Protein chains: 2
Amino acid sequence: MPPRRAYHHGDLRTALIAAADAIVREQGLEGFSLREAARRAGVSPGAPAHHFGSVKGLLTEVALLGYDELARYLAPPLEDTTESAEGTVRRMAHGYVRFALDHPGHFRLMFRSDAVDRDDPRYGDVSARALNGLAAAACAFDKASGQTEGRIFGTWAAIHGMAHLILEGKAQYLFGTASADAVVDLALAALLARLPSPPD
Amino acid sequence: MPPRRAYHHGDLRTALIAAADAIVREQGLEGFSLREAARRAGVSPGAPAHHFGSVKGLLTEVALLGYDELARYLAPPLEDTTESAEGTVRRMAHGYVRFALDHPGHFRLMFRSDAVDRDDPRYGDVSARALNGLAAAACAFDKASGQTEGRIFGTWAAIHGMAHLILEGKAQYLFGTASADAVVDLALAALLARLPSPPD
DNA sequence: GATGATATCTGAACACCGTTCAGATAGGCG
DNA sequence: CGCCTATCTGAACGGTGTTCAGATATCATC
């Protein structure tokens, strides 16, 4: 990463987002600093301010990329039309948890409302898009129970709770060193066993 | 909080924990700093190091206090023996979420494995104790489904997920400005509706 | 009670952080 | 060409956690 020759970067905004994304991916959120991102982009510490206002602005962009990536993890189960609705929910749970473990820095950032510009309108859009699939699966699976928002949120909460607790090391109190997939399967078995009869 | 007269504090360790706990309670985790805690205790910035090693050590103590408080929020539903098992789980979910909203700084800290000394043995003890009640309720309620650890973790994950998502403002995408209690009720309705028949 | 060992705390230093801002530089456009 | 505006520099400021030699107090032992 040799120092730029030109005084003007050309596309500093994009470069800073890429640098920040890489830091969060490599070192997690604690390893991130605005100055380090500037350093990687070969630019002075004051440069990011013009493009992002503050560190929150830059981290918001990284969080948005995280939602895109999450959507990619959740897509395959939906595209497989041969799967039952219950199977789809199952596979999305595994995908959600795998995303959290594959991209812990992004996952944590996405749910750190203090580190991010919560009021960015794109933020709501992207999270809605990422969860559209989950919403569809939850509704298809869970036709009989409660009203729509309750179904979606209940499913989301159960899956998100697994991911968060596993990521932060809380599952080991119950399961020792069992794999995340095994933990998810056991929890799903308990949560889905309540179902009266598998739909379609 | 006038400056101490004595060179030695007397019980600095306790004073620092109390100060840190107060900061987290008043200003949240982002408002916390080791130096501010030292300032409140009327002591130099280097003093905490001797008692806690690093900032993680002090924050671990605050997190432990958080678990105690959580246990207090979860206790009443268990003590009410007239309640059905489902009702107990319901009330514990509301208690868990209320704790998160009443003590956001503590809640976030308790699940920030980067900010805390994860390997502190007391950490596992206290979290186990706080969740014992939840475990008992989950098992009593959910006799038929899955094996024990799966039942406990599934219930915990669902409840924790609600609390986390609500606290970080993610429920508003689905429910607007609805109260947390209403959101929890709707999600519980969907999750519990799957039950074949109410036990006992 | 005096003496020595040990625990405790100070205060200055260090490296780093995010943010600000006057000024240097470049590109776009008349 | 010359100007205007966006962009970026680099130094400064106040803040952070951590380290450490040295000052101070407590405690055990004589």
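Everything numeric here is computed off the predicted structure, so don't read it as measured data. Here is how names work: the chains are called A, B, and so on, in the same order as the sequence lines, proteins then strands, and each is numbered from 1. Below, all heavy atoms of this structure are taken into account, side chains as well, without hydrogens, waters or symmetry copies.
- Salt bridge B:R13/B:E61: present, at least one basic N to carboxylate O contact under 4.0 Å.
- Contacts between residues 50-65 of chain B and DNA chain D, defined by a heavy-atom separation under 4.0 Å, are made by B:S54, B:V55.
- As judged by a 4.0 angstrom heavy-atom cut-off over every strand, B:P48 is placed among residues making no nucleic acid contact.
- Evaluation of the side-chain contact (heavy atoms from CB on, under 4.5 Å) rule for A:E26 yields A:A22, A:R40 as partners, not counting sequence neighbours.
- For B:A47 and A:L12, each mapped to the nucleotide of DNA chain D holding its nearest heavy atom, the one lying further toward the 5' end belongs to A:L12.
- Not counting sequence neighbours, the partners of A:L34 by the side-chain contact (heavy atoms from CB on, under 4.5 Å) test are A:P48, A:V55, A:L58.
- In this structure, the salt bridge (Lys or Arg N to Asp or Glu O under 4.0 Å) partners of B:R91, at least two apart in sequence or on a different chain, are B:D80, B:E83.
- Here the P atom of nucleotide D:dT7 and the CG atom of A:L16 are 12 Å apart, to the nearest Å.
- With sequence neighbours excluded, the residues forming a side-chain contact (heavy atoms from CB on, under 4.5 Å) with A:D120 are A:T60, A:D117, A:R122, A:Y123, listed by chain and number.
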Hey, can you pull the donor-acceptor pairs under 3.5 Å for the side chains in residues 170-178 of chain A, sequence neighbours left out?
unit_1 : atom_1 : unit_2 : atom_2 : d
A:K170 : NZ     : B:Y67  : OH     : 3.0
A:K170 : NZ     : B:M110 : O      : 3.2

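- Take A:D68 and apply the salt bridge (Lys or Arg N to Asp or Glu O under 4.0 Å) test, not counting sequence neighbours, and it matches A:R129.
- Judged as a side-chain contact (heavy atoms from CB on, under 4.5 Å), and not counting sequence neighbours, A:D125 has no contacts.
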Under 3.5 Å, N/O pairs linking protein and nucleotides 13-16 of chain D:
unit_1 : atom_1 : unit_2 : atom_2 : d
D:dT16 : OP1    : B:S33  : OG     : 3.1
D:dT16 : OP2    : B:R39  : NH2    : 2.8

